[in-house]
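The structure under discussion appears below in the form of structure tokens.
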Amino acid sequence: MADSSYRTIGYPLSALDRLWRYRLSALTVKVVLSYPSYIMSQKYYVTTPIYYINDKPHIGSTYTTVAADVLARSHRLRGDKTFFLTGTDENSQKSMEAAEKSGKDINVYLEEMAIIWENTWKELGITFDDFIRTSEERHHKAVNRFWKAVEASGDIYKDTYERHYCVGCEDFKTDSELNEDDRCPLHPNKDLELVQEENYFFKASAYKDDILQLFHKQQDFVQPVKRLNEIRSYVKDGFADFSISREAKKVSCGIPVPGDDSQRIYVWFDALINYMSAVGYGTDDELFKKWWPANLHLVGKDIIKFHCALWPAMIMSAAKNDPLLQNEDGTPKLPEQIFAHGFFTIEGQKMSKSIGNVIDPLELAVEYPFDVIRYFFFREIGFGNDGDFNRARIAERYQSDLANTLGNLLNRAINMSRKYFDNRVPTCDTSVKTWDVGSLLSRKEGGRATWDVEMVDTLWQQVEEYYDSARIDLALEAIWNGENASLILANRLVEETQPFKLIKEDPEKTALVLYTLLEFLRNVAWMIEPVMPNISADIIKQLGQDPKSEISQNNFANLKKWGGLEPGSDLPEPKILFPRLGE
RNA sequence: CGCGGGGUAGAGCAGUUGGCAGCUCGCCAGGCCCAUAACCUGGAGGUCGUAGGUUCAAGUCCUACCCCCGCAACCA
């Protein structure tokens, strides 16, 4: 990097060979902004969708919820005021049908199921801060307030119509949206309902340009980019008004339309508002001001239409007549970002109850420590992409990444330290930031021959950036395999310095090497804490520290500062972190 | 013209604005002996779905085409 002798200034561009251009591009310095952590401290509000409770949680909803948990934990770790919301959608026809099937009273059924969901998340160690149920009073109040605001903006109108309604899409279909057999192309085997009634509509179409403008101005409003493209073309091609109510006599659930008991608010208009009702909209203005707008709505790729287009349109409308929804400059307080993750198949097959491959997360947590599953979710599958939930791959990841790379490194580092330094963390000068390794640490040409604490700082910066952009997968990759300090590199460090030989010649240098390994592992433990909280705590305990006391300091800058592991402190006897499988 | 995803090493995947085709696992050969038969190094293995086009330069941009996956219900 420092060697710029091959930069032949003034050379005509056309004469540049491939190598030259390649090297020049390698010179591009990544500028990473870093702030003192006391400035970084801010609020973070993240949500999952509210789940239909026509059955217990499965691996799919678990994936979404765990992702939100990882992001919430990553912000808490850094001292951000964090609010993580999940919950249940109880005003839907699907819940009603499931209740009927079970033969239970609807309220009894909803109560039981909501408890199952909440308890499942608790048992899996999900750190949600609130659990919203759309049957709750606070939600009804929020919906009422929201409806009235939208109504005052003139965006709710009544219409009598006769139209094709697709139960699968929960949406109306215009003639142009039907396939050649006059059926819904998404649900061709499902009869369209010819619906004839008088309902309320939300004038979404009035916000078409504003939504497109939003996509244009805030390019990261929808992530990943491919979803933004998808939703943009949907809005461009026609962003029709949404039906937002049903005749009360035809549905057995739902919140009554304010001022019109003959109609019930229908599905999405009601459900989306949960993100506001949970933080006090309609019940606690101060609380609402504290948390809204949400920083991130985490959703599955199937519901981006509602979250990325309908929801902002609804807020734009309501904001016109509700100061609580306005920024200081009068613009609507929209959520900052919507991230759509992909779906996964189970062993190559679509997840399906009839195939019988639906996985209960609690049963899975018996097969593997749940931290391992969490790791697999984000290491194996690029976040935002589709993937496959595959047992063989879990075992592979476990053996290779967890046992061999991480677990073994911890074990060998602790064992050597104990053996050579009287069961203690080696004593060395922790202010030494850089030292000769003796050979090349990086296998790449031009790789470094020194250990440099700066590499750990750089890794921290990368990891934080990746967590910030919800790229949990990239954070893990950087920790395990990155160009800077990484677990791979730490293992290589052992080979290059050979502390097991070095101890006979140069105990001081050996102390430096082993301290570096242990202290790096302490840092890694905190980097992976959002994804593997239990493993993280285990590592810190094995290093002779109390994870709780460290985190209770709630001082992120302190926690990641090099030298946190005290030289000379006791090192307990190590335990195998990830026992080999099948033994 | 229904919508979306995808075709890159044996398997699974990355490849930002075109600039030496990469990662993990597996395989082969060495090294090491602190450690969980773990760790490190080297190697083999590619017509980047096909055919055209733009360009000094295409996995990447353009055009056409082929193939695979998902789209009854359950369902993130």
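Just so it is clear: chains get the letters A, B, ... in the order the sequence lines come, proteins before strands, and each one is counted from 1.
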Next on the checklist: Please give the distance between the C1' atoms of C69(B) and C25(B) as a whole number of Å.
Outcome noted: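 24 Å, rounded to whole Å.
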
Side-chain N,O ([X]) to OP1/OP2 ([N]) below 4.0 Å:
| X | N | result |
| --- | --- | --- |
| Arg379(A) | U24(B) | no |
| Arg412(A) | A38(B) | no |
| Ser352(A) | C74(B) | no |
| Lys419(A) | A35(B) | yes |
| Lys226(A) | G6(B) | yes |
| Asn411(A) | C39(B) | no |
| Lys501(A) | C33(B) | yes |

Checklist outcome for this item: Pairing string of RNA chain B (Watson-Crick or G-U wobble, both atom distances under 3.5 Å; | = paired to other strand) is .((((((..((((.....[..)))).(((((.......))))).....(((((..]....))))))))))).....

Checklist entry - In terms of the angle between their ring planes, are Trp311(A) and His297(A) parallel, tilted or perpendicular, with boundaries placed at 30° and 60°? => result tilted

Checklist entry - Should the pair His307(A) and Tyr275(A) be assigned to parallel (<30°), tilted (30 to 60°) or perpendicular (>60°) ring geometry? => result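 Tilted: the ring planes of His307(A) and Tyr275(A) meet at 30° to 60°.
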
Item to check | Lys/Arg-Asp/Glu bridge criterion (N-O < 4.0 Å) met for Glu367(A), Arg391(A) | outcome: yes

Checklist entry - Would you call Glu396(A)-Arg379(A) a salt bridge at under 4.0 Å N-O? => result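 Result for this pair is no, no salt bridge flagged.
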
Next on the checklist: Restricting to salt bridge (charged side-chain N to carboxylate O under 4.0 Å, His left out), what partner residues turn up for Glu112(A), sequence neighbours left out?
Outcome noted: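 By the salt bridge (charged side-chain N to carboxylate O under 4.0 Å, His left out) rule, Glu112(A) matches Lys104(A).
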
Next on the checklist: Side chain of Asp401(A) only, heavy atoms from C-beta on: which candidate in A38(B), C23(B), U24(B) is closest?
Outcome noted: U24(B)

Checklist entry - Has the side chain of Thr497(A) got a donor or acceptor atom that lies under 3.5 Å from a matching backbone atom of Val437(A)? => result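 Such a contact is absent between Thr497(A) side chain and Val437(A) backbone.
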
Checklist entry - Do Asn408(A) and A35(B) share a donor-acceptor pair, side chain to base, under 3.5 Å? => result yes

